[in-house]
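Counting starts at 1 for both ligands and their atoms, following the listed order. Treat the numbers as computed from the prediction; the structure is a model and nothing was measured.
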Amino acid sequence: MSDCLFCQIIAGEVPATIVKRSPHGIAFRDLNAQAPTHVLIVPKQHLASLNDTDDARLLGQLLLLAKEVAEIEGLSHRGYRVVVNTNREAGQSVFHLHLHVLGGRAMAWPPG
Ligand code: 5GP
Ligand code: ZN
């Protein structure tokens, strides 16, 4: 989708710091990091939110990419959080499905 920010990042039309590319998605650093490590995992295919797919294989691949990013960032042992904000009450602001990988500091629970 030409008016989607994350589609534009995938197409290379908007710059981003890429952490990892896979055949199914890319991982890049969040512009407004909420933790020392804050990486977004996005599918190459435009899907507005988690509500818009039942593709278990794709969702599994994205979750595995999140795990791989945590390994790359040295977070596997100390811990990290994977978050999928879905629609307005959850705070989704970019309507292209994405997983947040957050780590590098202690996290509170419950989240705000
Ligand atoms: P959401 O609020 O939809 O769960 O997450 C969207 C995320 O995209 C936010 O954490 C926000 O900081 C990030 N973001 C917004 N615009 C840009 C951008 O232009 N580049 C990058 N790398 N991240 C962005
Ligand atoms: Zn998109």
Side-chain angles (χ1 to χ4, degrees):
M1 265 178 69
S2 58
D3 60 344
C4 168
L5 173 63
F6 288 174
C7 282
Q8 289 167 356
I9 287 176
I10 290 160
E13 295 163 6
V14 169
T17 304
I18 308 292
V19 176
K20 177 86 187 175
R21 294 178 192 274
S22 89
H24 316 285
I26 66 167
F28 56 91
R29 297 198 188 281
D30 196 295
L31 203 58
N32 183 25
Q34 301 300 315
T37 291
H38 188 171
V39 174
L40 302 173
I41 313 288
V42 307
K44 287 186 174 169
Q45 174 191 359
H46 180 85
L47 297 161
S49 83
L50 186 58
N51 289 337
D52 295 298
T53 183
D54 294 320
D55 187 341
R57 180 183 285 261
L58 174 64
L59 292 171
Q61 284 157 340
L62 295 173
L63 196 54
L64 289 171
L65 186 52
K67 183 175 79 163
E68 205 176 334
V69 164
E71 284 165 11
I72 291 167
E73 296 291 308
L75 297 171
S76 302
H77 181 69
R78 60 186 291 194
Y80 59 97
R81 189 170 286 177
V82 179
V83 173
V84 184
N85 294 325
T86 303
N87 279 348
R88 300 236 172 250
E89 280 198 5
Q92 185 176 3
S93 60
V94 177
F95 287 84
H96 180 129
L97 172 63
H98 52 281
L99 285 62
H100 296 256
V101 179
L102 296 144
R105 64 168 172 81
M107 305 269 166
W109 192 264

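- Scanning the protein for heavy atoms near atom 22 (N) of ligand 1, the closest one is Arg29 O, 2.9 Å.
- At a heavy-atom distance under 4.0 Å, atoms from both the backbone and the side chain of Ser93 approach ligand 1.
- Arg21 CZ: 12 or fewer foreign heavy atoms inside a 6.0 Å radius.
- Here is the list of ligand 1 atoms found below 4.0 Å of a heavy atom in Phe28: 22 (N).
- Only side-chain heavy atoms of Asn85 come within less than 4.0 Å of ligand 1; its backbone N, CA, C and O stay farther off.
- Put simply, the side chain of Tyr80 reaches to within 4.5 Å of the side chain of Lys67, judged on heavy atoms.
- Minimum heavy-atom separation, Ala35 to Gly103: CB-O, 3.5 Å.
- Of all the heavy atoms of His100, the ones lying under 4.0 Å from any atom of ligand 1 belong exclusively to the side chain.
- Heavy atoms only, all atoms of each residue included: Leu58 and Gln45 are closest at CD2-OE1, 3.8 Å.
- At a 4.0 Å heavy-atom cut-off, ligand 1 does not touch Phe95 at all.
- Given atom 20 (N) of ligand 1, the protein heavy atom at minimum distance is Leu31 CB, 3.7 Å.
- Heavy-atom separations between Leu40 and ligand 1 include at least one value shorter than 4.0 Å.
- At least one heavy atom of His98 sits under 4.0 Å from some atom of ligand 1.
- Taking the Zn ion (ligand 2) as reference, the nearest N/O/S atom within His96 carries the name ND1.
- For the pair Ala16 and ligand 1, no heavy-atom separation below 4.0 Å is found.
- Under a 4.0 Å criterion applied to the non-hydrogen atoms of Asn32, ligand 1 contributes the atoms 12 (O).
- When each of Asp52, Thr86, Val42, Leu47 is tested with Leu97 by the rule side chain to side chain contact (heavy atoms under 4.5 Å, CB included), just one qualifies, namely Leu47.
- Electrostatic pairing of Lys20 and Glu73 does not count as a salt bridge here, judged by no charged N lying under 4.0 Å from a carboxylate O.
- Of all protein heavy atoms, the one lying nearest to atom 7 (C) of ligand 1 is Asp30 OD2, 3.4 Å.
- Under a cut-off of 6.0 angstrom, the local environment of CD in Glu89 is sparse, with at most 12 non-hydrogen atoms contributed by other residues, nucleotides or ligands.
- His46 contributes atom ND1 as its closest N/O/S atom to the Zn ion (ligand 2).
- The atoms of ligand 1 that sit less than 4.0 Å from any heavy atom of Phe6 are 8 (O).
- Some N or O of Gly91 is nearer than 3.5 Å to an N or O of ligand 1, by distance alone.
- Ligand 1 has an N or O atom lying under 3.5 Å from an N or O atom of Val94, backbone or side chain.
- Residues His98 and His96 place their aromatic rings such that the two centres sit no closer than 6.0 Å.
- Rounded to the nearest 0.5 Å, atoms OG1 (Thr17) and CZ (Phe28) are 10.0 Å apart.
- Counting non-hydrogen atoms of neighbouring residues, nucleotides and ligands closer than 6.0 angstrom, the CG atom of Asn51 exceeds 12 such neighbours.
- Put simply, the side chain of Val101 does not reach to within 4.5 Å of the side chain of Leu65, judged on heavy atoms.
- Residue-level proximity to ligand 1 for Leu5 is carried by the side chain, the only part with a heavy atom below 4.0 angstrom.
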